[in-house]
Trainee: 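One structure coming up, written as structure tokens, with questions to follow.
One is the number of the first residue; the rest follow in order along the sequence. When a ligand or atom number is given, it counts from 1 through the structure's own listing order. Computed from a predicted model, the values in this text were never measured in an experiment.
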Amino acid sequence: MSSSAGISGIGRVLHRAEDVEAVVRRLAARIAADYAGQPLLLLGVLKGALYFTVDLARALAEIPGGPSEIVVDYACIASYGNSTRPSEVRLLMEGSAPISGQNVLIVEDIADNGFTLESFRAFLQERRPKTLRTCVLLDKPARRRVEVPLEYVGLVVPDAFIIGYGLDYQEMYRNLPYLAELAPPTPESR
Ligand code: IMP
Ligand code: MG
């Protein structure tokens with residue numbers, strides 16, 4: 001496959017689409033059991049957890065005896081930072097579902113340094129949920145700078161930049177149905 005010079009491309013595939021589906025179903029089974037008979041608010045973090053939240057919500061719907069009702073909502077968070085400085089985390093859009101008194105499950109694409117989840121959890125705690133837990137598709141523990149509780153983890157990934165299934169590189173590649181490493185840019189000229 002050819003790609004434009006200077007643009008980082010799709011590298012090694014880490015998890016195929018069917019493997020990601022199986023991971024989502026496995027997470028849904030655990031969540032369904034833990035929240036059986038109780039209402040649940042799935043709060044997806046945009047944009048990375050766009051697909052993950054949808055697929056998790058649909059997988060939950062297929063499991064009998066799960067939560068009594070499921071509400072899906074999204075918040076949008078942007079984090080800016082690099083490997084040496086803590087990210088600046090900004091909440092760009094708040095969800096519309098009430099948080100107070102609810103069983104809130106944050107659905108996030110990846111726990112990297114942890115600042116995004118730490119800051120979002122603190123924001124939600126102020127709104128007094130009944131319970132607050134976090135479900136991440138991916139955990140990249142090698143890069144963690146702040147400890148955050150992760151009750152549900154889909155896959156542990158190596159210290160590489162990952163794209164696909166919602167995860168982007170400069171807003172590209174989110175729509176890939178699989179998870180891959182980002183390949184280094186091709187030379188400008190050869
Ligand atoms: P944090 O470093 O844990 O605060 O994560 C910040 C955000 O960076 C995550 O929600 C992702 O959207 C993004 N991110 C972290 N690691 C990767 C990666 O490997 N690929 C794509 N996005 C990432
Ligand atoms: Mg994200």
Side-chain angles (χ1 to χ4, degrees), residues 3 6-17 19-21 23-24 27 31 41-57 72-95 99 104-126 132-186:
S3 62
I7 305 246
S8 295
I10 304 168
R12 187 166 63 104
V13 173
L14 294 178
H15 299 282
R16 299 171 309 160
D19 300 333
V20 176
E21 270 172 44
V23 166
V24 173
L27 287 169
I31 292 164
L41 170 61
L42 290 178
L43 189 49
V45 180
L46 293 176
K47 301 177 202 171
L50 177 61
Y51 304 105
F52 179 36
T53 308
V54 168
D55 289 347
L56 187 65
V72 181
D73 202 1
Y74 284 98
C76 187
I77 302 180
S79 38
Y80 309 88
N82 53 44
S83 51
T84 53
R85 268 191 315 171
S87 312
E88 180 203 332
V89 178
R90 275 201 296 157
L91 186 69
L92 301 180
M93 182 194 87
E94 217 180 305
I99 301 297
V104 178
L105 182 59
I106 300 170
V107 183
E108 172 63 310
D109 53 358
I110 186 167
D112 188 44
N113 58 40
F115 290 113
T116 303
L117 279 168
E118 181 193 50
S119 141
F120 192 42
R121 280 185 56 90
F123 170 85
L124 292 171
Q125 284 291 13
E126 282 176 18
L132 180 62
R133 290 183 181 170
T134 299
C135 175
V136 289
L137 179 68
L138 306 178
D139 181 14
K140 206 194 279 182
R143 299 237 320 157
R144 194 78 83 261
R145 305 232 355 242
V146 57
E147 277 316 310
V148 281
L150 303 175
E151 285 82 5
Y152 305 96
V153 173
L155 293 161
V156 176
V157 289
D159 185 4
F161 197 85
I162 295 163
I163 52 172
Y165 199 70
L167 291 106
D168 73 304
Y169 168 69
Q170 296 182 354
E171 297 299 327
M172 292 183 295
Y173 308 127
R174 289 193 201 275
N175 61 313
L176 300 176
Y178 51 85
L179 291 161
E181 285 181 5
L182 183 71
T186 51

Trainee: Just jot down the salt bridge (charged side-chain N to carboxylate O under 4.0 Å, His left out) partners of Arg174, sequence neighbours excluded, or say none.
Mentor: Asp168, Glu171
Trainee: Which is closest to atom 13 (C) of ligand 1 in terms of heavy atoms, Ile110, Val45, Asp159, Val146?
Mentor: Ile110
Trainee: Under the salt bridge (charged side-chain N to carboxylate O under 4.0 Å, His left out) rule, collect the residues that match up with Asp73, sequence neighbours excluded.
Mentor: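 Salt bridge (charged side-chain N to carboxylate O under 4.0 Å, His left out) list for Asp73, sorted by chain: empty.
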Trainee: To the nearest 0.5 angstrom, please state how far the CD atom of Glu21 sits from the CZ atom of Arg16.
Mentor: 10.5 Å
Trainee: Taking atom CG of Leu42 and atom CD1 of Ile106, what is their separation to the nearest 0.5 Å?
Mentor: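 The distance works out to 11.5 Å.
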Trainee: Suppose I only count heavy atoms of Leu167 and a 4.0 Å limit; which atoms of ligand 1 are within that range?
Mentor: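 Close to Leu167: 20 (N), 21 (C), 22 (N).
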Trainee: Could you state the interatomic distance from CD1 (Ile162) to CG (Leu14), rounded to the nearest 0.5 Å?
Mentor: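 Going from the CD1 atom of Ile162 to the CG atom of Leu14 covers 5.5 Å.
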Trainee: Does a side-chain N-to-carboxylate-O contact under 4.0 Å join Asp139 and Arg144?
Mentor: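 The answer is yes: the pair qualifies as a salt bridge.
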Trainee: Measure across Leu182 and Tyr169 and return the closest heavy-atom pair with its distance rounded to 0.1 Å.
Mentor: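 For Leu182 versus Tyr169, the nearest heavy atoms are CD2-CD1, 3.5 Å.
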Trainee: Below 4.0 Å from any atom of ligand 1, is there a heavy atom belonging to Asp168?
Mentor: yes
Trainee: Output yes when the distance from some N or O of ligand 1 to some N or O of Ser79 is under 3.5 Å, and no in every other case.
Mentor: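 Among all N and O atoms of Ser79, none is under 3.5 Å from an N or O of ligand 1.
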Trainee: Using a 3.5 Å cut-off on N or O atoms only, is Gly114 in polar contact with ligand 1?
Mentor: yes
Trainee: Within ligand 1, which atoms have a heavy atom of Thr116 less than 4.0 Å away?
Mentor: 1 (P), 4 (O), 5 (O), 6 (C)
Trainee: I need the atoms of ligand 1 closer than 4.0 Å to a non-hydrogen atom of Glu108, numbered in the order shown.
Mentor: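 Those qualifying, in numeric order: 10 (O).
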Trainee: Please confirm whether Ser119 comes under 4.0 Å of ligand 1, counting heavy atoms of the residue only.
Mentor: no
Trainee: With atoms numbered from 1 as shown, which atoms in ligand 1 lie under 4.0 angstrom from a non-hydrogen atom of Ala160?
Mentor: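 Going through ligand 1 atom by atom, the ones under 4.0 Å from Ala160 are 19 (O).
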Trainee: Just go through Lys140, Glu118, Lys47 and tell me whose heavy atom is the nearest to atom 17 (C) of ligand 1.
Mentor: Lys140
